Amino acid sequence: MNATEANRLAEFARAVRESTLKRLRRVPPGSENRRIDGQAMSFADLARHIADADRWLFEKLNDPSRPALTGRAHLVEIADRREYLALLEELEETGRQRAAMLESMTADRLSQKLPDERF
């Protein structure tokens, strides 16, 4: 993978994150904690999990022995819209950090396999 491919990967990551944010921003006020059933993740849980997954990736690259991250319901309970919007800002920021990290990675680093106990 060359620098151009790394740039394309980073641009794809940005586009996916923007698509996710677009949908999460459309969640009506008061529905941030809504879930289809008691075991499902809410919109807020999903946003929290994605931001946590970004941070996990940063840590996994530094410590390949880090265990897998799994999503789960009830990660966060939003009290008001400002809190939800702050969570989305955090998600936007971790997405920027992830894209910048991808752009800065060498071809060797991008092709490096990381151990994962699930596979």
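The first residue in the sequence is number 1, and the count goes up from there. Atom set for the values below is all heavy atoms of this structure, side chains included, hydrogens, waters and symmetry mates excluded. Treat the numbers as computed from the prediction; the structure is a model and nothing was measured.
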Should Ile50 and Leu57 be counted in the same cluster of Ile, Leu, Val, Met, Phe, Trp and Tyr side chains packed under 4.5 Å apart?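 Different clusters: Ile50 never reaches Leu57 through Ile, Leu, Val, Met, Phe, Trp or Tyr contacts under 4.5 Å.
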Any side-chain heavy atom of [X] within less than 4.5 Å of one from [Y]?
| X | Y | result |
| --- | --- | --- |
| Arg48 | Glu90 | yes |
| Leu24 | Tyr84 | yes |
| Asp54 | Gln97 | no |

Return yes when atom [atom1] of [X] has more than 12 non-hydrogen atoms of other residues, nucleotides or ligands closer than 6.0 Å, and no otherwise.
| X | atom1 | result |
| --- | --- | --- |
| Arg34 | CZ | no |
| Gln39 | CD | no |
| Phe58 | CZ | yes |

* Asked: So, Thr94 versus Arg98: side-chain donor-acceptor pair below 3.5 Å or not?
  ->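 Judged by distance alone, the side chains do not pair up.
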Enter the distance from [X]:[atom1] to [Y]:[atom2] here, rounded to the nearest 0.5 Å.
| X | Y | atom1 | atom2 | result |
| --- | --- | --- | --- | --- |
| Ser104 | Leu110 | OG | CG | 8.5 Å |
| Ser42 | Ile36 | OG | CD1 | 11.5 Å |
| Leu87 | Arg82 | CG | CZ | 15.0 Å |
| Leu75 | Leu46 | CG | CG | 9.0 Å |
| Ser111 | Met105 | OG | CE | 9.0 Å |

Problem set entry | Presence of salt bridge, Arg14 and Glu11, under 4.0 angstrom |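 Yes, charged N to carboxylate O under 4.0 Å.
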Check this for me, if you would: do Glu18 and Lys22 make a salt bridge, where the nitrogen-to-carboxylate-oxygen distance has to be below 4.0 angstrom? no
| Is there a donor-acceptor pair under 3.5 Å between the side chain of Arg17 and the backbone N or O of Leu91? |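 Such a contact is found between Arg17 side chain and Leu91 backbone.
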Residues 60-76 vs salt bridge (Lys or Arg N to Asp or Glu O under 4.0 Å), sequence neighbours excluded, gives Glu59-Arg66
Walk me through whether His49 and Leu69 qualify under side chain to side chain contact (heavy atoms under 4.5 Å, CB included).
CA-CA 9 Å; His49 175 65; Leu69 174 72; 3.9 Å; yes
